Protein chains: 2
Amino acid sequence: MDIGVRKPGVTSSQVAEHAGVSQSAVSRAFTPGASISPKTRQKVLASAKTLGYRPNAIARSLITNRSRIIAVVMAYLENLFYPDVLEELGRALAAENYHLLLFTGFMDRDSDPVFDQLMQYRVDGIILASTSLSSELSEECATAGIPVVLFNRTTERDAVSSVTTRNREGGKRIADFLVAGGHTSFGYIAGLENSSTNRDRFQGYAEGLAGHGITEIIVETGNYSRSEAQDAARRMFSLTKRPEALFVANDHMAVAVMDVARYEFGLRIPEDISIVGYDDVGPSTWSSYGITSMSQPVKRMVEATVDILMDQIASGEIEAEHRILNGDLVVRSSARLPQSGIVARDGQQIYRPREG
Amino acid sequence: MDIGVRKPGVTSSQVAEHAGVSQSAVSRAFTPGASISPKTRQKVLASAKTLGYRPNAIARSLITNRSRIIAVVMAYLENLFYPDVLEELGRALAAENYHLLLFTGFMDRDSDPVFDQLMQYRVDGIILASTSLSSELSEECATAGIPVVLFNRTTERDAVSSVTTRNREGGKRIADFLVAGGHTSFGYIAGLENSSTNRDRFQGYAEGLAGHGITEIIVETGNYSRSEAQDAARRMFSLTKRPEALFVANDHMAVAVMDVARYEFGLRIPEDISIVGYDDVGPSTWSSYGITSMSQPVKRMVEATVDILMDQIASGEIEAEHRILNGDLVVRSSARLPQSGIVARDGQQIYRPREG
DNA sequence: CTGAAAGCGCTTACAG
DNA sequence: CTGAAAGCGCTTACAG
């Protein structure tokens with residue numbers, strides 16, 4: 001049933017005429033803090049309501065040079081961590097009266113088209129989560145004067161801000177935990193090789209193990225992908241000398257690895273192999289998995305991200321800021337427990353050796 | 001390190017001056033099909049490149065009355081089905097050179113603020129996925145002349161299009177499958193009571209069972225929420241006469257229900273209880289679950305959605321269109337198998353009784 | 001507090 | 001094929 005064609009849309013001039021005031025007055029009625037008498041304001045709002053008027057944000061953007069749009073680039077959403085982040089971002093940006101222009105589903109490395117679109121819409125800020133687009137895009141954007149925040153990645157480049165957790169310390173804590181659990185051989189299933197998270201987590205893990213005199217780590221790469229992680233696990237579990245303890249670079253992969261261990265190799269967890277993940281997200285908390293995992297505080301990470309963006313938009317100055325938050329090693333059932341160091345907090349078990 | 005403040009941005013006039021042509025010529029150089037000589041075009045593009053010019057999409061929108069922005073309202077992303085949809089939408093819209101303005105993280109029923117934002121940005125179309133915002137918003141938008149498509153929901157209202165799968169037939173097929181599997185008592189864990197998917201799936205299930213002379217169905221409600229589904233499962237499994245066969249209204253809940261069955265009630269699946277879900281998404285395919293589930297073809301649903309939108313935008317006429325796609329009952333290990341009717345297709349086991 | 005006017009950066013008839 | 005000009009719907013000095 002044909003209900004109608006695109007209406008031209010009510011304009012401020014039409015409201016002005018209806019209310020018997022100037023077009024400027026209409027504009028002022030919709031601008032918080034503008035100098036306008038309560039009486040005029042009422043008249044305008046009444047007319048606006050009658051006519052179904054809503055200010056045209058596009059026209060406003062053109063003149064204010066502020067779109068109130070933040071671009072979010074999130075290459076893939078397969079890892080539940082990211083939908084989680086997206087939902088929080090939606091909330092946080094809406095609270096600041098900003099809008100979220102999402103770029104997702106781009107698997108290819110070619111960042112140029114996305115970048116072009118971003119710039120054409122004159123977004124007020126950019127959040128780059130996951131993906132390696134980050135590196136090339138970021139500098140260009142910053143140079144153009146648009147604040148850029150890397151989410152869950154970091155970089156050395158000037159003018160690109162970042163929000164991360166202490167990945168190196170997280171890796172180290174996992175090493176300590178696994179050593180304290182009495183394991184003697186160690187493996188690592190890596191994420192994307194060129195990502196800072198993977199690099200830092202592995203570095204911390206290796207340092208931690210080295211601190212206990214362990215220098216041999218069996219490494220396979222899963223590239224933060226479910227299917228590649230499964231393949232990596234198959235290779236690792238087929239070794240004659242399979243590691244007793246395995247750190248998987250994120251929970252998204254850890255879940256896949258656990259399934260391979262149990263259903264393809266008949267391994268019992270944690271009796272035959274201990275597995276620790278990273279993110280403390282989604283399925284890792286489910287009964288079927290119960291993964292011991294370093295947590296990343298999504299909500300606080302999102303707050304920090306939006307905070308940086310708002311600051312830089314308000315000040316007009318782009319000064320790279322790096323916020324690094326703390327996580328905890330949440331202890332569940334996927335890895336053998338150490339004798340001591342596990343404390344209860346907020347209804348969870350946390351590994352925190354030698355601390356009050 | 002302070003790299004710079006917000007740059008004013010290069011304009012077409014600046015490019016025109018640099019290239020020694022009119023501002024109109026610059027505009028034409030960036031408008032496919034515009035009448036401009038190759039020579040002029042080259043000159044303009046060269047200058048544009050030198051100056052780092054990109055057309056301002058905001059200004060363009062103002063004059064064309066087309067924002068090339070599609071609003072996507074997705075209240076929550078906890079159910080992996082929706083991130084999946086979002087990723088496909090990102091791809092499909094980008095291919096049409098449209099952009100995706102995402103509204104998510106609004107749990108409250110209050111749809112007005114979202115609606116207001118949509119309208120202010122003069123979006124060219126609206127996709128409403130999940131959530132009950134749908135009902136109130138939709139009519140208003142359509143009246144304003146903006147195409148609206150409900151994704152995975154449907155409605156009787158004029159001028160609101162929808163894309164769904166045959167939910168009633170899906171429910172019926174599940175009933176047939178479970179009866180053929182030799183079960184004698186039946187349960188249902190419901191989704192959101194007022195959603196068309198829940199209503200249609202249950203109706204088909206009830207009709208299917210009735211066709212076999214079964215009129216008693218034990219029902220609990222999980223509202224498409226993980227935690228509520230767990231509670232529903234706990235209530236149902238505590239009954240003295242627990243159903244042998246259980247249809248859970250979507251996989252997101254089914255996974256939670258399986259965990260409760262196994263780890264809280266010690267039930268074996270499918271020996272003690274058969275579970276069938278809906279969506280065929282995410283964890284349902286993992287080894288730990290292997291859920292028998294009615295599939296919804298996300299990719300084709302997204303294509304249909306974008307197709308409807310593009311048609312209505314191009315024609316300027318809003319005529320409600322309802323696309324209903326087919327799914328299949330993908331057979332895995334969470335439910336007892338019938339003697340016959342299971343066929344292989346595309347590497348999957350499908351339940352398709354009495355068919356070539 | 002108010003209105004007339006300039007102008008944001010484009011597209012698109014119009015006339016040549 | 002090209003340029004001058006009007007105009008999209010707003011905000012914001014400016015003068016009163």
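Note that the structure is predicted; figures quoted are calculated from it, not measured. The sequence lines fix the lettering, A, B, ..., with proteins before strands; numbering per chain opens at 1.
- Here the side chain of Asn56(B) is nearest to one of dT11(C), dC10(C), dT2(C), namely dC10(C).
- Asn65(A) places its CG atom 8 Å from the C1' atom of dC8(C), with the value rounded to the nearest Å.
- For the 3.5 Å distance criterion, the side chains of Tyr53(A) and Ser47(A) fail to qualify, holding no donor opposite an acceptor.
- Per the geometry, CZ belonging to Arg68(B) stands 12 Å off P belonging to dT11(C), to the nearest Å.
- Remark: P of dT11(C) and CD of Gln120(A) are 10 Å apart, rounded to the nearest angstrom.
- Each of Val298(B), Ile70(B), Asp84(B), Val302(B) was evaluated against Leu89(B); a single residue qualifies, Val302(B), per the side chain to side chain contact (heavy atoms under 4.5 Å, CB included) test.
- Whole-Å rounding puts the Phe30(B) CZ to dT11(C) P distance at 10 Å.
- With 3.5 Å as the limit, one finds no donor-acceptor pair spanning the side chains of Glu321(B) and Ser161(B).
- Nucleic acid contact for Tyr53(A): sugar-phosphate only, since backbone atoms but no base atoms lie under 4.0 Å from a heavy atom of the residue.
- OP1 or OP2 of dC10(D) has at least one side-chain nitrogen or oxygen of Ser12(A) nearer than 4.0 Å.
- Regarding Ile58(A), its CD1 atom lies at a distance of 13 Å from the P atom of dT11(D), rounded to whole Å.
- Asn97(B) and Gln117(A) get closest at one heavy-atom pair: OD1-OE1, 3.7 Å.
- Between Val15(A) and Ala48(A), the closest heavy-atom pair is CG1-N, 3.9 Å.
- Contact of Arg28(A) with dG3(C) (side chain to base): a donor-acceptor pair of N or O atoms is detected under 3.5 Å.
- Nearest heavy-atom pair, Tyr82(A) versus Asn152(A), reported as atom, atom and distance to 0.1 Å: OH-ND2, 3.4 Å.
- Listed nucleotides dT11(D), dG7(D), dC10(C) differ in distance to Gln23(A); the shortest reach to its side chain belongs to dT11(D).
- The list of ring pair (Phe, Tyr, Trp, His ring centres under 6.0 Å) pairs with a residue in residues 141-160 of chain A, not counting sequence neighbours, is empty.
- Comparing atom distances between the Thr64(A) side chain and each of dT12(C), dT12(D), dC8(C) picks out dT12(D) as nearest.
- For Glu78(B) against Glu87(A), the heavy-atom pair with the smallest separation is N-OE1, 3.9 Å.
- Residues Ala25(B) and Ala59(B) each lie close to DNA chain D; by heavy-atom proximity, the contact nearer the 5' end of the strand is made by Ala25(B).
- Side chains of Val21(B) and Val44(B) form a contact here, defined as non-hydrogen atoms less than 4.5 Å apart.
- Distances shown here put every side-chain N or O of Tyr121(A) at or beyond 4.0 Å from the OP1 or OP2 atom of dG9(C).
- Of the candidate nucleotides dC10(C), dG9(C), dC10(D), dG9(C) has the atom nearest to the side chain of Leu62(B).
- The distance from atom CD1 of Ile63(A) to atom P of dC8(C) is 8 Å, rounded to the nearest whole Å.
- Using a 4.0 Å cut-off, no side-chain N or O of Ser22(A) falls inside it from OP1 or OP2 of dA4(C).
- The separation between Arg54(A) atom CZ and dC10(D) atom P is 12 Å, rounded to whole Å.
- Between the side chains of Ser27(A) and Ser24(A), no donor-acceptor pair is found at a separation under 3.5 Å.
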Query raised in the report: So what does the secondary structure string of DNA chain C come out as, 5' to 3', with Watson-Crick or wobble pairs under 3.5 angstrom, [ ] for crossing and | for pairs with another strand?
Result: |||.||||||||.|||
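- Near DNA chain D, meaning a heavy atom under 4.0 Å away, there are no residues from residues 32-44 of chain A.
- Here the side chain of Ser24(A) is nearest to one of dA4(C), dC10(D), dT11(C), namely dA4(C).
- In this entry the distance linking CD of Glu17(A) with P of dG9(D) reads 14 Å, nearest Å.
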